[in-house]
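Lettering of chains follows the sequences in order, A, B, ..., and the numbering in each one begins at 1.
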Number of protein chains: 2
Amino acid sequence: MPLNAPEPVKKSFKLQMLQAREVAITRAVNRLLAEKGFDAMTVDEVAAEVGIAKASLYKHFSSKEALACAAMVQAMQRAQEFICGLESGDAQLLASTALAKLQALTRWTLGLKLSGQMPSLPSQNSSLRASLMASRPYMDALMQVSEILGTWVVKAQAEGQVNPNLPPVAVLYTLYARACDPVLEFLKMSQLHTDEEIMDIVMATCFEGLNAR
Amino acid sequence: MPLNAPEPVKKSFKLQMLQAREVAITRAVNRLLAEKGFDAMTVDEVAAEVGIAKASLYKHFSSKEALACAAMVQAMQRAQEFICGLESGDAQLLASTALAKLQALTRWTLGLKLSGQMPSLPSQNSSLRASLMASRPYMDALMQVSEILGTWVVKAQAEGQVNPNLPPVAVLYTLYARACDPVLEFLKMSQLHTDEEIMDIVMATCFEGLNAR
DNA sequence: GTCTATAATCAGATAGAC
DNA sequence: GTCTATCTGATTATAGAC
């Protein structure tokens with residue numbers, strides 16, 4: 001048995017295990033964040049869902065806020081990947097205009113929310129708000145996403161497809177807000193519509209408004 | 001000094017004081033509920049804001065949930081009064097059509113939210129949700145409001161002013177959701193617009209949609 | 001009914017053995 | 001790094017004097 005060779009291999013393996021564990025943690029946090037929100041989620045629940053002791057969680061993340069931040073960053077990165085996909089190659093056929101891209105992204109976020117994978121933003125004065133604002137990885141990802149979406153909005157307005165009287169930032173905020181819109185839960189609870197129908201309804205109210213056209 | 005006459009007068013006075021105190025409490029709760037939400041609000045804060053001891057609060061309301069329920073019922077009653085005003089006399093000139101009434105009510109709720117008087121609904125799994133659903137006064141008020149608004153929505157659709165393809169209940173939920181829309185806070189934080197402008201923007205996105213017309 | 005003081009509980013975080 | 005057991009602080013709720 002060689003004495004030197006196994007070292008880096010073993011190290012890499014351990015690192016992989018570490019990362020795999022952390023991915024499992026953020027996935028659990030993401031799900032619980034979507035289901036109950038930050039305040040109602042307890043660290044004990046996270047530990048139970050991952051299947052490790054609470055103390056072990058704190059070896060990976062220094063606080064409950066750090067836990068949630070990591071999950072939010074992960075979610076943000078998934079959004080970035082989806083956005084990149086919309087900007088490149090094949091997707092051009094499906095989403096050729098700026099408006100089509102905005103709509104595709106919005107529908108994707110609605111689907112995430114309906115399937116319980118969209119961590120609900122801290123809509124009120126939560127301790128999470130401050131932590132997120134102080135988190136470089138999160139803010140960087142948010143800025144990047146906002147910049148791309150901002151250009152899409154401006155382009156869609158220039159192309160006459162989005163109401164040019166609306167401040168672009170207001171359009172942006174509106175799209176962000178739709179990703180955590182309680183209307184989706186309400187309609188799902190009523191059990192009168194399929195997920196597809198619910199998405200169609202919310203997409204219609206968002207882009208076409210309540211008024212008849 | 002008569003021995004019998006003062007009795008009912010004194011009782012009535014004490015009752016008035018009691019009710020006045022409880023109104024003061026619900027007002028404070030309402031404000032804190034709007035500012036921080038149910039979970040972040042503590043009973044100590046409520047007591048401090050009202051200016052009485054915490055134990056005294058529990059003489060009026062049996063739990064934190066009961067406290068919040070009372071505030072929500074009070075808010076609901078204010079909404080009912082506004083709705084009744086829209087249906088009667090003078091307001092007919094300002095809000096003659098069903099759509100105009102829906103818009104007037106929506107703008108009113110946006111104004112409440114902007115001035116920090118709209119208690120934010122428990123959007124996630126809060127203990128408040130269950131308490132509200134179990135509260136007869138709250139559910140009764142909610143049902144009454146929903147019934148009236150429901151007729152307005154159907155009428156507005158029949159008059160060709162609201163998109164007839166949308167299920168009326170979806171329109172209703174959408175209007176409820178706009179009353180606690182985070183877009184309002186986001187725009188207010190950006191400090192680029194006055195409250196009036198913010199209301200105009202949100203009203204436009206809500207009723208006319210993001211798309212150009 | 002209001003107060004001070006305290007009980008009871010729960011959740012975030014840590015100590016220390018392995 | 002993971003565990004069990006524990007600490008600490010915050011928060012809901014109550015006891016008991018006045």
Nucleotide [N], atom [atom2] - distance to [atom1] of [X] in whole Å:
X	N	atom1	atom2	result
A:Asp44	C:dA13	CG	C1'	11 Å
A:Tyr58	D:dC7	OH	C1'	13 Å
A:Leu32	C:dG12	CG	P	12 Å
A:Lys64	C:dA11	NZ	C1'	8 Å
A:Glu45	C:dG12	CD	P	9 Å
B:Leu67	D:dT12	CG	P	10 Å
B:Met41	D:dT11	CE	P	12 Å
A:Phe61	C:dG12	CZ	P	16 Å

Shortest side-chain distance from B:Thr42, nucleotide among C:dA13, D:dT11, D:dA13: D:dT11
Give, for atom CG of B:Asn30 and atom CG of B:Leu67, the distance between the pair rounded to the nearest 0.5 Å. 11.0 Å
Does this structure show an ion pair linking [X] with [Y], if we count only N-O contacts that are shorter than 4.0 Å?
X	Y	value
B:Glu185	A:Arg129	yes
A:Lys188	A:Asp195	yes
A:Lys64	A:Asp39	no

Taking atom types as modelled, is there a side-chain donor on B:Tyr176 or B:Ser146 under 3.5 Å from an acceptor on the other? yes
Could you list the protein-to-nucleotides 2-5 of chain D atom pairs, N/O on both sides, closer than 3.5 Å?
from	atom 1	to	atom 2	distance (Å)
D:dT2	OP1	A:Arg21	NH1	2.6
D:dT2	OP2	A:His60	NE2	3.0
D:dC3	OP2	A:Ala53	N	2.5
D:dC3	OP2	A:Ser56	OG	2.7

Return yes if some donor-acceptor pair links the side-chain N/O of A:Gln157 with the main-chain N/O of A:Leu166 below 3.5 Å, else return no. yes
